[in-house]
Amino acid sequence: MTSGTQIAPTPVAPIVPRKIGRRRRVHKLGWNLLGLLVLAVMVFPVYWMVATAFKPGQQILSYTPQWIPRPPTLSNFRDAINQPFFWDAVKNSLIIVVIAVAASMVLAFVAAVALAKYRFTGRKLFIVLMIGVLMLPPTGLIIPLYVVLAKYHLTNALTGVVITYMTFVLPFAVWTLRGFIVGIPKELEEAAMVDGSSRLGAFVRILLPLVAPGLVATSVFAFVTSWNEYIFAAVLLSDQKNQTLTVWLSYFYGTSRNVDWGGLMAASTLTAIPVVVFFLIVQRRIAFGLTAGAVKGG
């Protein structure tokens, strides 16, 4: 072999990239399986509640788990609806939640605009106090709120419960909406005002549509929180005609050891339906609002 002769290098297969790709796929598969496991753990109690609501009494008390009710029955739902004060509880819950959510959204939006767009004395202190209220456990406010409401004769009244719910819904709503408003460029309002629009017109045409996704998302949180609340309603409302659905639901336990599990699960399913329906109604609006806001912002 002469010195001028060169041997062509043998091509080496890209082993390392294949190994990296395989590891990534295995890693991704592991996270997907973990996510499915967490989803199953979260969904199973809900499924078991709904399935038990459709089971006859023999299948509910059977030692052998019945995963699917066969045959399904609606007797548990009839028993739940025919319980005393059911429709009163539905009416009270709707009144309290609708008023609390609507009033909280209006006040929170005005406060969020003031905190995001204007500079005034005590602004930072207000934000710190608001965060401090969010850090407090709600149960720690039961006694002070009860004393204040009792002083003004608002205990055992729906008005007192509405005010109570607003105390822990408003701070979160203000903080959340402030984040949405801060993310909107002020140049959009200024451009609208340059085109001849007033400040109110720029607010309605520019700011309000862009904050709509935040309003809807915050209202979902406020609705779910107020609808599922139990402790404040149980403490403040002593008359069964004024109690909410969650408090009415607790009477299924009673003082006897024999609990009507079928009726309890059916009543729990009926209690959860308004939250699911409300979320399904606003779900598309949230996605559409976020997309529209991103397009307009660009």
Side-chain angles (χ1 to χ4, degrees), residues 95-152 154-155 157-186 188-189 199-200 202-204 206-236 244 246 275 278-279 282 285-286 289-290 293 297:
I95 292 174
I96 291 173
V97 171
V98 170
I99 295 177
V101 172
S104 297
M105 290 302 100
V106 173
L107 296 176
F109 182 68
V110 174
V113 171
L115 291 174
K117 297 294 182 180
Y118 301 100
R119 299 292 183 268
F120 53 89
T121 304
R123 174 176 170 272
K124 294 183 178 180
L125 178 61
F126 181 82
I127 295 176
V128 171
L129 291 176
M130 185 174 58
I131 297 175
V133 173
L134 289 174
M135 296 173 63
L136 290 175
T139 52
L141 301 175
I142 293 178
I143 295 178
L145 284 173
Y146 186 88
V147 172
V148 173
L149 294 175
K151 182 179 179 181
Y152 294 98
L154 292 177
T155 56
L158 302 186
T159 306
V161 181
V162 170
I163 296 174
T164 302
Y165 286 2
M166 291 177 63
T167 56
F168 54 84
V169 169
L170 262 177
F172 179 84
V174 172
W175 183 255
T176 305
L177 292 176
R178 177 184 175 274
F180 277 93
I181 296 173
V182 168
I184 299 175
K186 63 180 181 179
L188 295 177
E189 294 184 71
R199 180 174 292 275
L200 179 61
F203 175 83
V204 174
I206 303 299
L207 184 62
L208 191 59
L210 294 178
V211 185
L215 284 171
V216 175
T218 309
S219 65
V220 171
F221 166 81
F223 184 91
V224 173
T225 303
S226 302
W227 184 268
N228 293 333
E229 203 283 321
Y230 168 77
I231 297 179
F232 286 99
V235 172
L236 295 175
T244 60
T246 53
V275 177
F278 181 75
F279 178 78
V282 301
R285 298 184 180 182
I286 292 176
L290 289 173

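Not measured: the values here are computed from a predicted model.
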What's the separation between atom CZ in F172 and atom OG1 in T218, rounded to the nearest 0.5 Å? 6.5 Å
L236 CG to L145 CG distance, which is reported to the nearest 0.5 Å: 7.5 Å
Just by modelled atom types, is the T164 backbone N or O under 3.5 Å from a matching donor or acceptor in the T167 side chain? yes
Given side chain to side chain contact (heavy atoms under 4.5 Å, CB included), test M135 with I131 step by step and report yes or no. CA-CA 6 Å; M135 296 173 63; I131 297 175; 4.2 Å; yes
For the side chain of T246 and the backbone of E229, is there at least one donor-acceptor N/O pair under 3.5 Å apart? yes
Side chain to side chain contact (heavy atoms under 4.5 Å, CB included) evaluation trace for I127 with W175: CA-CA 8 Å; I127 295 176; W175 183 255; 3.5 Å; yes
In terms of relative ring orientation, are F232 and F168 parallel, tilted or perpendicular, with 30° and 60° separating the classes? parallel
Show the nearest heavy-atom pair for residues V113 and Y118, with the distance to one decimal. O-CD1, 3.8 Å
Closest non-hydrogen atom pair, A114 against F120: O-CE2, 3.6 Å
CG-CE distance between L170 and M105, expressed to the nearest 0.5 angstrom: 7.5 Å
Shortest non-hydrogen contact between M130 and P171, atoms and distance: SD-O, 3.7 Å
What heavy-atom pair brings A222 and V169 nearest, and what distance separates the two atoms? CB-CG1, 3.4 Å
Where is the tightest heavy-atom contact between G160 and L149, given as atom of each residue plus distance? O-CD1, 3.7 Å
Point-to-point distance, once rounded to the nearest 0.5 Å, from CD1 of I96 to OG1 of T159: 9.0 Å
Option from V174, L177, V182, V110 for which side-chain contact (heavy atoms from CB on, under 4.5 Å) with L115 holds: V174
Looking at every heavy atom in both A116 and I181, which two are closest together, and how far apart are they? CB-CG2, 3.6 Å
Counting distance only, does the side-chain N/O of S219 pair as donor-acceptor with the main-chain N or O of V216 below 3.5 Å? yes
